[in-house]
Amino acid sequence: MISTTVIMSALELGFIYALVALALFLSFRVLNIADMTTDGAFTLGCAVSATLAVAGHPLLALPSAMLAGACAGFVTAFLQTRLNIPSILAGIITNTGLYTVNLAVMGFSSNVNMLRNPTLFTLVQPWLGAFYKLIPAAVLTCLVGTLLVLFLRTRLGLSVRATGDNPDMVRASSINTGFTITVGLCLANSMTALSGAVLAQYQKTADINLGTGMVIIGLASLIIGETLMPKGKPWMKALGAILGSILYRFIIAIALRLDLPSECLKLISAVIVALAIGLPAIKSAVKPATKGGKA
C-alpha cells in the first residue's frame, strides 16, 4: 500500500525532474542531438543554487542557475559548431570540465548543506501549508513547459525545429544552423540547471554526484511520456514529458516499496530506457514469430 506521503513525494520529484525531461525533449527530439552535458549541467544548477541560498538569496539562485546552465550549453554548442567536434563528444568534454567547475562553485567542497538557511519552499510554506513543496514545483514546471511550447511557435523556434528535422534545407534557406543549435542547447541546459537548482533547495543539500545518471532518468521520463502521447503537437509532447516524469517517479516509488535496494534504481532506469527505445524492434520480431506459429 502506497501512503499519501509517498504519493506526494513522487509528485513533487516528478515535477522537479520533469524539467530535465523537457530539456531532453528540446535537445534530443527537437534538435536531434544527444546532449551529454546534462549530468554536469544538473549538478551545476545544484551548486549555484545551494551556494546562493546559503548566502541568503534562494530566489536569485534560480535564474542564476539557469544562466550558468546556459553557459554550459554554449560551451557544448561552441565545441560542436565552431570546432566541428561530434555532438556526443562535445557534451562529454563539457561534462568532464564541469566537474571541476562545480567543485569550485561549492568552494571545493563535495557538498553544501542548507538546513539552517531559507529556501524557495520554506519561504512559501506559511501560505501553502502541506502543499508548500508540490505547488511551487508544479507551477514552475508548467510555466517552463508553457514557455517552451510558445518559443517553439516563434520564428526562431521554428528554425530550431527545422534544424533538427533537416539541417541541409535550413542552410539552403540562409539560416545559420550554428546559431539555432547554440540557442537550443543553451535553453535545454538552462532547464536542466533549473531542475538541479530546485532539487537542491527541495532536499536542502547539494552534492557533487547529484547529477550522475541524469541523462538516463531524463530519457526514461521522456520515453514514458512519448508512450502516453505518441503523436501530437509540441504542447502534447511537452505534456507527455511532464506526465512521463511523474509516472517514472511512481515506478521508482513502487520499486522502493518492494524493498528493492536503492542501488538498483539506476539499473531499473537503464532497463526502462532500453525497453522503451527497443520496443519497435521487439514488436517487429514478435509479429513474424507469431505469424509463423499460427501457420
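Throughout, residue positions are numbered sequentially from 1 according to the sequence presented.
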Give a yes or no answer on whether the side chain of [X] reaches the backbone of [Y] with a donor-acceptor pair at less than 3.5 Å.
X    : Y    : value
R29  : L24  : no
T141 : L19  : no
N166 : M169 : yes
T227 : I223 : yes
S159 : R155 : yes
E226 : K237 : no
T43  : D39  : yes
S245 : A18  : yes
T180 : T177 : yes
S49  : A197 : yes

Are the side chains of [X] and [Y] in touch, meaning some heavy atoms are under 4.5 Å apart?
X    : Y    : value
F28  : I33  : no
N113 : K204 : no
T81  : F179 : no
L152 : L158 : no

Distance in Å, [X] [atom1] paired with [Y] [atom2], rounded so as to fall on 0.5 Å steps:
X    : Y    : atom1 : atom2 : result
N102 : L44  : CG    : CG    : 5.0 Å
I85  : L79  : CD1   : CG    : 4.5 Å
N189 : L67  : CG    : CG    : 12.5 Å
T94  : D35  : OG1   : CG    : 8.0 Å
L187 : M66  : CG    : CE    : 8.0 Å
T122 : N117 : OG1   : CG    : 9.0 Å

Mind checking whether [X] and [Y] sit in one hydrophobic cluster, side chains of I, L, V, M, F, W, Y counted as touching below 4.5 Å?
X    : Y    : answer
I92  : L219 : no
L143 : L62  : no
L123 : L194 : yes
I181 : F78  : no
L13  : L243 : yes

Under the side-chain contact (heavy atoms from CB on, under 4.5 Å) rule, what do M106 and I208 come out as? Steps first, then yes or no, please. CA-CA 9 Å; M106 293 192 293; I208 192 63; 3.9 Å; yes
Do NZ/NE/NH1/NH2 and the carboxylate oxygens of E12 and R249 come within less than 4.0 Å? no
Is it possible for you to check whether K133 lies under 6.0 Å from the centre of the six-membered ring of Y202, through NZ or CZ, and within 45° of that ring's axis? yes
For atom CE of M36, decide whether the heavy atoms of other residues, nucleotides or ligands shown that lie under 6.0 angstrom number more than 12. no
Should the heavy atoms of other residues, nucleotides or ligands under 6.0 Å from CZ of F151 be counted, would the total exceed 12? yes
side-chain contact (heavy atoms from CB on, under 4.5 Å) between I217 and Y248, worked out: CA-CA 8 Å; I217 293 174; Y248 172 80; 3.8 Å; yes
Taking salt bridge (Lys or Arg N to Asp or Glu O under 4.0 Å) as the definition, give me every residue that meets it alongside R153, ordered by chain and number, with sequence neighbours left out. none
Of all heavy-atom pairs between [X] and [Y], which one has the smallest distance, and what is that distance?
X    : Y    : answer
L31  : S27  : CB-O, 3.4 Å
A238 : V149 : CB-CG2, 3.8 Å
A70  : C186 : O-SG, 3.3 Å
L98  : A72  : CD1-CB, 4.0 Å
Q201 : P58  : NE2-O, 2.9 Å
A21  : L222 : O-CD1, 4.1 Å

Assess the residue pair Q80 and S87 against the criterion (side-chain hydrogen bond (donor to acceptor under 3.5 Å, both in side chains)); give the C-alpha distance rounded to whole Å, side-chain angles, the decisive distance to 0.1 Å, and a yes or no. CA-CA 6 Å; Q80 179 180 344; S87 59; 4.8 Å; no
Take M191 and L26 through the test side-chain contact (heavy atoms from CB on, under 4.5 Å) and record every step on the way to the result. CA-CA 10 Å; M191 288 188 286; L26 178 57; 4.0 Å; yes
Verdict with supporting geometry, T37 and T76, side-chain hydrogen bond (donor to acceptor under 3.5 Å, both in side chains): CA-CA 7 Å; T37 319; T76 300; 2.7 Å; yes
Give the intermediate values and the outcome of side-chain contact (heavy atoms from CB on, under 4.5 Å) for residues I7 and F250. CA-CA 8 Å; I7 294 175; F250 272 103; 3.9 Å; yes
Measure up the Y17 and F42 rings against each other and bin them: parallel (under 30°), tilted (30 to 60°), perpendicular (over 60°). parallel
Residues that, via side-chain heavy atoms closer than 4.5 angstrom, fall in one hydrophobic cluster with V170: I175
Return the set of residues passing side chain to side chain donor-acceptor pair (under 3.5 Å) with Y132 (not counting sequence neighbours), or none when no residue passes. none
